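Data block below; observations after.
So you know, we letter chains A, B, ... as the sequences are listed, proteins then strands, and number each from 1. Nothing here was measured: the structure is a model prediction, and the numbers come from that model.
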2 protein chains.
Amino acid sequence: MGNDLSYKDKKVITIGVVRDLTGLSERQIRYYEERKLIFPERTAGGSRKYSFSDVELLMKIANKIEDGIQTHEIRKEMIREQKKQNQDEMRRKMIQGQLNAQFGLRKN
Amino acid sequence: MGNDLSYKDKKVITIGVVRDLTGLSERQIRYYEERKLIFPERTAGGSRKYSFSDVELLMKIANKIEDGIQTHEIRKEMIREQKKQNQDEMRRKMIQGQLNAQFGLRKN
DNA sequence: CGTGTAAGGAATTCTGACACG
DNA sequence: CGTGTAAGGAATTCTGACACG
């Protein structure tokens, strides 16, 4: 079933609150976006909006940076993980598709 | 076990986003606070912060207002519900206490 | 009673740049 | 490379008040 995109992934938190939640500076938070590690949405007026998932991700990123890993490396890691997840999702869907074809109408 | 106070109840959403999420005006949102129906937290600078629960509650409130119910009535309803919940919680705890006393150490 | 609005000010956020290392 | 900072401007939010009904 398609994930609800419930609270955890809704982009509703402005950068100031994210700063307070993570302890990072706004500069850092914006920089990680520049390096394509994080992707906030924007309000009509142009302010960034983050989700709780983003907040968690930011803390993971901050930890890696503290360990001396560069943003470029972090990005590659993230892309790798993303690919893997996509594959898993693909497999899951294909198997479900097979089952549906043979035993019918269980709507994904 | 004490609820995690996870995403749903964390006060992190500024009034502008709440406005967009609920379709209410900022005026309405602030007024319902004045009438003690909703209790946002504040940032260091004094801006209001709401939770997803608050957003849901606001929409319920808005529905009741549309039905012609006055804020004072809504407040009484809410207090009634709150009392009931407290009682239920109290009973639950007492029963748990009894069980612990007789059969020991299952930590709530 | 519930809501809109104009008013003035303060807090928030934005971008692009310079600095350091 | 990652981060701090001062700069100027725009968007956001706040409060108290007047208005209407």
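Considering CD1 of Ile29(A) and OG1 of Thr22(A), their distance stands at 4.5 Å, rounded to 0.5 Å. One finds the CD atom of Glu73(A) at 11.5 Å from the CD1 atom of Ile65(A) (value rounded to the nearest 0.5 Å).
Atom CZ of Arg42(B) and atom P of dT12(D) are 18 Å apart (whole Å). The CD1-P distance, from Ile61(A) to dT3(D), rounds to 11 Å in whole Å. Atom pair Asp67(B):CG and dG2(C):P shows a separation of 14 Å (rounding to whole Å applied). Rounded to an integer number of Å, the gap from CZ of Arg30(B) to C1' of dT12(D) is 10 Å. Atom CZ in Arg19(B) sits roughly 6 Å away from atom P in dT13(D) (whole-Å rounding). Remark: C1' of dG2(D) and CG of Leu24(A) are 12 Å apart, rounded to the nearest angstrom. The separation between Lys49(B) atom NZ and dC14(D) atom P is 12 Å, rounded to whole Å. In this structure, Ile15(B) atom CD1 and dT12(C) atom P are separated by 14 Å, rounded to whole Å.
Within 4.0 Å of Arg48(B), counting heavy atoms only, lie sugar-phosphate atoms of the nucleic acid but no base atom. Within the 4.0 angstrom heavy-atom criterion, only backbone atoms of the sugar-phosphate kind lie near Arg35(B); the bases stay farther away.
Lys64(B) has no carboxylate O lying under 4.0 Å from a charged side-chain N of Asp67(B), or vice versa, which leaves the two without a salt bridge. Under 4.0 Å is where a charged nitrogen must lie from a carboxylate oxygen, and between Lys84(B) and Glu81(B) no such pair does. Using a cut-off of 4.0 Å between Lys/Arg side-chain N and Asp/Glu carboxylate O, Arg80(A) and Glu77(A) are scored as not salt-bridged. Between Glu34(A) and Arg30(A), none of the side-chain N atoms (NZ, or NE/NH1/NH2) sits under 4.0 Å from a carboxylate O, so this pair counts as no salt bridge.
Checking dC14(D), dG2(C), dG2(D) against every side-chain atom of Gln70(A), the shortest atom distance belongs to dG2(D). Here dT12(C) is the nucleotide among dG2(D), dG4(C), dT12(C) with the atom lying nearest to any side-chain atom of Thr43(B).
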Pairing string, 5' to 3', for DNA chain C - Watson-Crick or wobble contacts under 3.5 Å, brackets [ ] where pairs cross, | to another strand: .||||.||.|.|.||.||||.
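Where Glu34(A) and Ala44(A) meet DNA chain D, the nucleotide closest to each residue was compared, and Glu34(A) sits on the side nearer the 5' end. Of the two residues contacting DNA chain D, namely Ile69(A) and Tyr50(B), the nearest-nucleotide position lying further toward the 5' end is that of Ile69(A). Nearer the 5' end of DNA chain C, as judged by each residue's closest nucleotide, is the contact made by Gln28(B), out of Gln28(B) and Gly45(B).
Contact annotation: Thr14(B) does not reach the phosphate of dT12(D) (side-chain N/O to OP1 or OP2, under 4.0 Å). Taking side-chain N and O atoms only, Tyr32(B) has no distance below 4.0 Å to OP1 or OP2 of dG2(C). Residue Tyr31(B) places at least one side-chain N or O under 4.0 Å from the OP1 or OP2 atom of dG2(C). Checking the phosphate oxygens (OP1, OP2) of dT12(D), no side-chain nitrogen or oxygen of Ser47(B) falls inside 4.0 Å. In this structure, Thr71(A) reaches the dG2(D) phosphate: one of its side-chain N or O atoms is under 4.0 Å from OP1 or OP2.
Here the shortest heavy-atom pairing between Ile13(B) and Ser51(B) reads CD1-C, 4.1 Å. Listed here is the closest heavy atom pair of Leu57(B) and Leu37(B): CD2-O, 3.6 Å.
Tested against Arg48(A), the residues Glu41(A), Glu33(A), Glu26(A) include a single salt bridge (Lys or Arg N to Asp or Glu O under 4.0 Å) partner, Glu33(A).
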side-chain contact (heavy atoms from CB on, under 4.5 Å) assessment of Lys8(B) paired with Ser53(B): CA-CA 6 Å; Lys8(B) 185 166 180 178; Ser53(B) 295; 3.2 Å; yes
Can you name the atoms? Protein N/O to nucleotides 17-19 of chain C N/O, anything below 3.5 Å, with the distance.
none

